[in-house]
Number of protein chains: 2
Amino acid sequence: MSDTTATDGRVIGERALQTRRRILDATAALLREQGALDVKAMDVAREVGTSPATFYQYFADVEDAIFALALELPEKVAPIQTQFESDWSGPAGLDLARQAVSDYTDFWDENAAVLRVLLLRADERDERFRQVRRDYNAPFMTAMVAKVRSAQDVGRIAGAIDAEATAGAMLAALDRLPNYREGFEKRGTSREAMIETVARLLHSSLTGEPLS
Amino acid sequence: MSDTTATDGRVIGERALQTRRRILDATAALLREQGALDVKAMDVAREVGTSPATFYQYFADVEDAIFALALELPEKVAPIQTQFESDWSGPAGLDLARQAVSDYTDFWDENAAVLRVLLLRADERDERFRQVRRDYNAPFMTAMVAKVRSAQDVGRIAGAIDAEATAGAMLAALDRLPNYREGFEKRGTSREAMIETVARLLHSSLTGEPLS
DNA sequence: CTCCGGTTCTGACACTCCGTCAGATGGGTG
DNA sequence: CACCCATCTGACGGAGTGTCAGAACCGGAG
C-alpha cells in the first residue's frame, strides 16, 4: 500500500505521479471553490487540461480523489498533535494550550474543504474514511485522554467524568468552531478571543484546573 | 413564502402537497441510506414511483430538496431549545443539563443525515443553508450565552472568557459527539457516560460551577 | 539517430443522469 | 356528463460517467 497505484493496480512512474498530483491539486481547488456536492470528474479533468479518461486512470471517482487528499491529512497534522502531548498543568500550560488551539485553527483554515468531506463520509459510516478519521483523531484523543486520566489520578477531576467523552467534546469544539468563525467575527468575537476562550476551556477541562 | 410552491412559483394544492411530501420522505430515506454525495434526483423519483419530471416540478435539484428538509429542523428542535433556557444553577441544574443533552442527542440520532448536510453546506458558505443554520442555532446560542454572561456578572466566570465562543464550543460538542458515539461504544464509553460527561461540561462551562 | 518496449494518455463510445417542455391525465365542479 | 385546471409524464437534447483499444510519448539499446 506504500506505492501509489493506478486504478488497475499498476505501480506508476514519475510522469504519472505528477499527473496524479495535478489531478489531486485541481480536485482540492474545486472542492474549495464549489463545495463537495458539486465537483464533477469532468470539471477536474478540464481544470487539469486533460481527458476525463486520465482522471479515471488514477481514481475510481471524485470521492476516491478526495479520499486520497484525506490520506495526506494525518501526516500534515502530526506536528500539531505533538503539541497536545506536552504537560499542560499550571499557568504555562495555558500558554501551550493557546498555541495548540491557534495552530489547529490555522490547520483547519488551510484544509477545511477536505476535512469537511472526511468528517462527513466518516459520519456517514464509510469504512475507509472512518479509518482515516481514526488515524487522524487518535493522537489527539490519546493525548487528551491521558491528560484527563492523570488529572483524575490526583483527584482534580471527578471519577464520574469520562475521559474519552471529555477529549471527544474538546476535539469537537476544535473541529467545528473554525467553521463558525466568520459568524463570530460578524458579531464581534475576534479570532483571538475565540482562541483564548477555547484554550481556557481545553486547559480547564483536561487538567481540572479552575477556569481562572 | 409561507405557502409552499412549485419550482415555477405556483402555489400548490392538496394532491401536489402529498406528492411533494412523498418526494421529501424518499429523499430523507435515500440520504440516510446512501449519504449526501450519492443521492440522485432520478433515484428519488424511482423510489417514489414517479417520473423524474415530477421531482423537478417541486425542487430545482437534490440539494434543494434537502434544503426543504433542513427548513423543517428549526421547528422540530424548538422543544429542546426551550430546555436550554431554564436556570441551570445549582445541582438541580445539572439534572436539567443531563435531560437537555440526552434529548439533543436523540434529536441528532433521528435527523443526522439532514443535519450533516445542513452543517456542511453552511460551512461551505452557502447563504441559504447559513440562514437556516442561524435560525437553528440562534436559540441555543442565545440561551447559552445568557448563562455565561450571568455567571460572569456574579464573578463565577472570568471576564477574559468570551461568552459566544463558550456557547459555540458547547454546541460544537453537542453537534459532533453523536457522530462519534459508535466509536466510543466500541471502546467502552456508553451513551449514558457520554451524556453524563457532556452534561457536566456544559453545566460547568456555562454556569461557572466547579466540574464537581 | 533510429528503433523498440513499456508507460501514459486519449478519442470515441455506450450508458446514465439532468432538466425542460408540450401535451396527456385525472379528479373536482357545475 | 363535460369541462377545466392542477398535476403528472413521455420524450428529448445536453452533460457527466466510465471503459476500451489504440495513439502518443519517452528513455534506453543498438
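Naming: A, B, ... by sequence-line order, numbering from 1 per chain.
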Side chain to side chain donor-acceptor pair (under 3.5 Å) partners for A/Glu182, two or more places apart: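 Listed in chain order: B/Arg125, B/Arg130.
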Please name all residues satisfying side chain to side chain donor-acceptor pair (under 3.5 Å) with B/Arg21, sequence neighbours left out, ordered by chain then number.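 With neighbours one apart ignored, the set is B/Asp25, B/Glu72.
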B/Asp8 has an atom CG; how far is it from atom P of D/dC5, in whole Å?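 Going from B/Asp8 (CG) to D/dC5 (P), I get 16 Å.
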With a 4.0 Å heavy-atom cut-off, tell me which residues in residues 15-37 of chain B come close to DNA chain D, sorted by residue number.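 Heavy-atom cutoff 4.0 Å gives B/Arg15, B/Ala16, B/Thr19.
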Going by number, which of residues 41-66 of chain A have a non-hydrogen atom under 4.0 Å from DNA chain D?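 Result for residues 41-66 of chain A: A/Ala41, A/Met42, A/Arg46, A/Ala53, A/Tyr56, A/Ala60, A/Asp61, sorted by number.
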For A/Glu196, enumerate each residue passing the side chain to side chain contact (heavy atoms under 4.5 Å, CB included) test, keeping only those at least two apart in sequence or located in another chain.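 Only A/Arg98, A/Arg200 meet the side chain to side chain contact (heavy atoms under 4.5 Å, CB included) criterion with A/Glu196.
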Determine, for A/Asp126 against A/Arg133, whether the closest basic-nitrogen to carboxylate-oxygen distance falls under 4.0 angstrom.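 Salt bridge: no.
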Any luck finding a side-chain donor-acceptor pair between A/Asp135 and A/Gln131 under 3.5 Å?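 On atom types as modelled, these side chains qualify, holding a pair under 3.5 Å.
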Does the side chain of A/Asp95 come under 3.5 Å of the side chain of A/Gln99 through a donor N or O and an acceptor N or O?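 Side-chain D/A pair, A/Asp95 to A/Gln99: absent.
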Would you say B/Glu127 has more than 12 foreign heavy atoms packed within less than 6.0 Å of its CD?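 More than 12 within 6.0 Å, yes.
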Would you please classify the geometry between the B/Tyr104 ring and the B/Phe84 ring as parallel, tilted or perpendicular, with 30° and 60° separating the classes?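 Perpendicular: the ring planes of B/Phe84 and B/Tyr104 meet at over 60°.
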Could you walk me through whether A/Arg121 and A/Ile66 pass side-chain contact (heavy atoms from CB on, under 4.5 Å), step by step? CA-CA 11 Å; A/Arg121 294 296 296 135; A/Ile66 301 176; over 6 Å; no
Worked verdict on A/Thr5 versus A/Ile12 for side-chain contact (heavy atoms from CB on, under 4.5 Å): CA-CA 6 Å; A/Thr5 63; A/Ile12 67 181; 5.7 Å; no
Tell me, please, the opening and closing nucleotides of DNA chain C, 5' to 3', among those with an atom under 4.0 angstrom from a non-hydrogen atom of chain B.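 Counting from the 5' end, contacts occupy C/dC17 to C/dC21.
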